J.: 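One structure is given below, represented as structure tokens, and several questions about it will come after.
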There are 2 protein chains.
Amino acid sequence: MDISHTEENYLKAIFKISERNGKPASTNAISNEMNTTAASVTDMVKRLSDKTLIHYERYRGVTLTGQGEQIATHLIRKHRLWEVFLVDKLHFSWDEVHEIAEQLEHIKSKRLVERLDEYLGFPKFDPHGDPIPDADGNFTIRKQALLSELKTGEQGPVVGVHDHTTAFLQYLDRMELVLGTTVKVLEYFEYDESMRVLINNEREQLLSKKVCQNLFVQKQ
Amino acid sequence: MDISHTEENYLKAIFKISERNGKPASTNAISNEMNTTAASVTDMVKRLSDKTLIHYERYRGVTLTGQGEQIATHLIRKHRLWEVFLVDKLHFSWDEVHEIAEQLEHIKSKRLVERLDEYLGFPKFDPHGDPIPDADGNFTIRKQALLSELKTGEQGPVVGVHDHTTAFLQYLDRMELVLGTTVKVLEYFEYDESMRVLINNEREQLLSKKVCQNLFVQKQ
DNA sequence: AAAAATTTTTAGATTAACTTAAAAATATGT
DNA sequence: ACATATTTTTAAGTTAATCTAAAAATTTTT
Ligand SMILES: [Mn+2]
Ligand SMILES: [Mn+2]
Ligand SMILES: [Mn+2]
Ligand SMILES: [Mn+2]
């Protein structure tokens, strides 16, 4: 049984939605994620169900079967490994790689992924700090919190972003707030929920509520 | 105007056929190259003609327009660069890369190809000795001849293969007749058109007609 | 518990890419 | 030149993936 480019994208969308919400993916949530109509989703969802890649009950949303989840996590694995390749080897910046990886993740070759993984030194996280699942689909779990959740005096290295938009990534580059930078909360302003932080024990910086709510910092 | 994966493959097929025969590609030649029916080709050829990617006249075959040729050579450029990547960086052998490159050649990103080219050190030939066109579609031309065309006493380095099948490539690996190996014709047997050759000025080897007709050697 | 709002499904169409079978055009052999 | 063979095109139909509009089911509000 072979699976199309489009079917793969649906499975990945369903995985992401379920992961975010912890419940079955609704038709509307999928149509929104895929930029299609609800009718198209119903159509596709029936086909994926026939292929036993998802569990589907009318009006009840969908969840992935073991097989479906395996395909979804493998896609995410490929996507993130290719992003590492693009940044580490071809020197793209972290805001340029997602679109290209969206294409590369569909390349089918058992051996290519494993060779690429080895070539990259078996990375555990992608350029945005997102975990790269292993060949069995297991994600490395890391203790992390949004910067906005830290209390005054707490600190930790930046390990990821919640917002993956080009605008945010470029903003972080401008502020020199790349992954690995240490951030310590010096002061919290209740008025606008902004923070004054110490970066790399060197310089102080004022960060807006929006920025603080989109930066992951390692805990402990 | 965007162009599908399938349309790209048709353009590449037409380019290859025209290159081989020096005349317009016939419907049957295309259907053969693409593993489809003649009817499918006629269908597609009309669409490509509407997009001004080919010149087409009923019963007269097709040729590429400038635009069509540009797409075809760019595809070949990408295919061959990815093959170099797979062999040089991921250590695949030359008989394993074609299928993967068939997929990778369709990845669309202006910058990716140029970064890859640079990363690989601007190679002029792929792992099978085929020339890699530059960004403008120009191929490096090399003086070469089939081993079968050499006369007794003549010699040169192996620079390419005519037959690209896995079977032939693996046979050459077994014989240690990789690209760069020097071959000198010691004796020609009219009986079965085989040759006795000297490899790397070290060892003698008997090569069949079929092998000699599929190995390119640099001339002069 | 009805009414209203929202979500989801069904129905009917479209487009790309393909197929088979038959018709038309071109090429070949005597 | 004409019959035969081959190639190419047309006609008609299929499948995947999409759409819009309308109907049905579910959820929320009053
Ligand atoms: Mn990404
Ligand atoms: Mn990422
Ligand atoms: Mn190839
Ligand atoms: Mn090649």
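Letters A, B, ... are given to chains in the order of the sequence lines, protein chains preceding strands, and every chain is numbered from 1. Values reported hereafter were calculated over all heavy atoms of this structure, with side chains retained and with hydrogens, waters and symmetry mates removed. Since the structure is predicted, the reported quantities are computational estimates derived from the model, not experimental observations.
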J.: Taking side-chain hydrogen bond (donor to acceptor under 3.5 Å, both in side chains) as the test, write out the residues that go with A:Asp136, two or more places apart.
T.: none
J.: Heavy atom of residues 16-34 of chain A under 4.0 Å from DNA chain C: which residues?
T.: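 A:Ser26, A:Thr27, A:Asn28 - these, ordered by number, are the residues of the stretch whose heavy atoms sit under 4.0 Å from the strand.
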J.: Within this structure, what is the CG-to-C1' distance between B:Asp43 and D:dT8, rounded to whole angstrom?
T.: 13 Å
J.: Taking 4.0 Å as the cut-off, does a side-chain nitrogen or oxygen of A:Arg47 come that near to OP1 or OP2 on D:dA17?
T.: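 Answer yes for this pair, as a side-chain N or O of A:Arg47 is under 4.0 Å from OP1 or OP2.
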J.: For A:Arg20, check salt bridge (Lys or Arg N to Asp or Glu O under 4.0 Å) against everything at least two apart and list the hits.
T.: A:Glu33
J.: What is the distance from OH of A:Tyr56 to C1' of C:dT10, rounded to the nearest Å?
T.: 10 Å
J.: Round to a whole Å and report the spacing from CD1 of A:Ile3 to C1' of D:dA17.
T.: 14 Å
J.: When all nucleic acid strands are considered with a 4.0 Å heavy-atom cut-off, which category describes A:Thr42: base, sugar-phosphate, or nothing?
T.: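 Base contact.
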J.: Output yes when at least one side-chain N/O atom of A:Ser40 is less than 4.0 Å from OP1 or OP2 of D:dC19, else no.
T.: yes
J.: Just N and O in the side chain of A:Tyr10: are any of them under 4.0 Å from OP1 or OP2 of D:dA16?
T.: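 Answer is no, no contact under 4.0 Å.
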J.: Considering only nitrogen or oxygen atoms on both sides, find all protein atoms under 3.5 Å from nucleotides 3-5 of chain D and state each distance.
T.:
none

J.: Within the side chain of B:Ser31, is there an N or O that forms a donor-acceptor pair under 3.5 Å with the backbone of B:Asn28?
T.: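 A pair under 3.5 Å: yes.
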J.: Round to a whole Å and report the spacing from NZ of B:Lys51 to C1' of C:dA17.
T.: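 Taking NZ of B:Lys51 and C1' of C:dA17, I get 12 Å after rounding.
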J.: On DNA chain D, does the nearest nucleotide to A:Ser4 precede the nearest nucleotide to A:Ala38 from the 5' side, or the other way round? Give the residue.
T.: A:Ser4
J.: Out of D:dA11, C:dA17, C:dT8, which nucleotide sits closest to the side chain of B:Met44?
T.: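 Closest of the options to the side chain of B:Met44: C:dA17.
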J.: What integer distance in Å separates B:Asp50:CG from C:dA16:C1'?
T.: 13 Å
J.: Return the set of residues passing side-chain contact (heavy atoms from CB on, under 4.5 Å) with B:Tyr188 (not counting sequence neighbours), or none when no residue passes.
T.: B:Thr152, B:Glu190, B:Glu193, B:Met195
J.: Expressed as a whole number of angstroms, how long is the span from B:Glu8:CD to C:dA16:C1'?
T.: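 In whole Å, C:dA16 C1' lies 15 Å from B:Glu8 CD.
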J.: If I take atom CG in residue A:Asp2 and atom P in nucleotide D:dT15, what distance separates them, rounded to the nearest angstrom?
T.: 16 Å
J.: Does A:Tyr119 have any side-chain hydrogen bond (donor to acceptor under 3.5 Å, both in side chains) partners at least two apart in sequence or in another chain, and if so, which?
T.: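 For A:Tyr119, the residues satisfying side-chain hydrogen bond (donor to acceptor under 3.5 Å, both in side chains) (neighbours in sequence not counted) are B:Tyr119.
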J.: List the residues meeting salt bridge (Lys or Arg N to Asp or Glu O under 4.0 Å) with A:Glu102, not counting sequence neighbours, and say none if there are none.
T.: A:Lys12
J.: Do nucleotides 23-29 of chain D as a string where each nucleotide becomes B, S or -: B if the base has a protein heavy atom under 4.0 Å, S if just the sugar-phosphate does, - if no protein is that close.
T.: -BSS---
J.: Nearest to the B:Lys46 side chain among C:dA17, C:dA11, D:dT10, which nucleotide is it?
T.: D:dT10
J.: Can a cation-pi geometry be assigned to B:Arg142 and B:Phe125, taking NZ or CZ under 6.0 Å from the six-membered ring centre and within 45° of the ring axis?
T.: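 Cation-pi check for B:Arg142 and B:Phe125: passes.
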J.: Apply salt bridge (Lys or Arg N to Asp or Glu O under 4.0 Å) to A:Glu114 and list each qualifying residue two or more places apart in sequence or on a separate chain.
T.: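 For A:Glu114, the residues satisfying salt bridge (Lys or Arg N to Asp or Glu O under 4.0 Å) (neighbours in sequence not counted) are A:Arg77.
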J.: Under the 3.5 angstrom rule, does the side chain of A:Trp82 hit a backbone N or O of A:Ile100 as a donor-acceptor pair?
T.: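 Judged by distance alone, no pair lies under 3.5 Å.
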J.: Hey, does the side chain of A:Thr36 come within less than 4.0 Å of D:dT18's phosphate (OP1/OP2), counting only N and O?
T.: no
J.: Show me, pair by pair, the donor-acceptor contacts under 3.5 angstrom made by side chains of residues 213-220 of chain B, not counting sequence neighbours?
T.:
unit_1: B:Asn214; atom_1: OD1; unit_2: B:His162; atom_2: ND1; d: 3.3
unit_1: B:Asn214; atom_1: OD1; unit_2: B:Asp163; atom_2: N; d: 3.3
unit_1: B:Asn214; atom_1: ND2; unit_2: B:Lys210; atom_2: O; d: 2.9

J.: Going by ring pair (Phe, Tyr, Trp, His ring centres under 6.0 Å), name the residues that satisfy it together with B:His55, two or more places apart in sequence or in a different chain.
T.: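 Ring pair (Phe, Tyr, Trp, His ring centres under 6.0 Å) list for B:His55, sorted by chain: empty.
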J.: Residues two or more places apart in sequence or in another chain: which of them pass salt bridge (Lys or Arg N to Asp or Glu O under 4.0 Å) with A:Lys89?
T.: none
J.: Under 4.0 Å, heavy atoms only, any strand: does A:Thr6 hit a base, just the sugar-phosphate, or nothing?
T.: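 The residue A:Thr6 makes sugar-phosphate contact but no base contact.
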J.: Side chain of A:Glu7, heavy atoms from C-beta onward: which of D:dT20, C:dT20, D:dA17 has the nearest atom to it?
T.: D:dA17
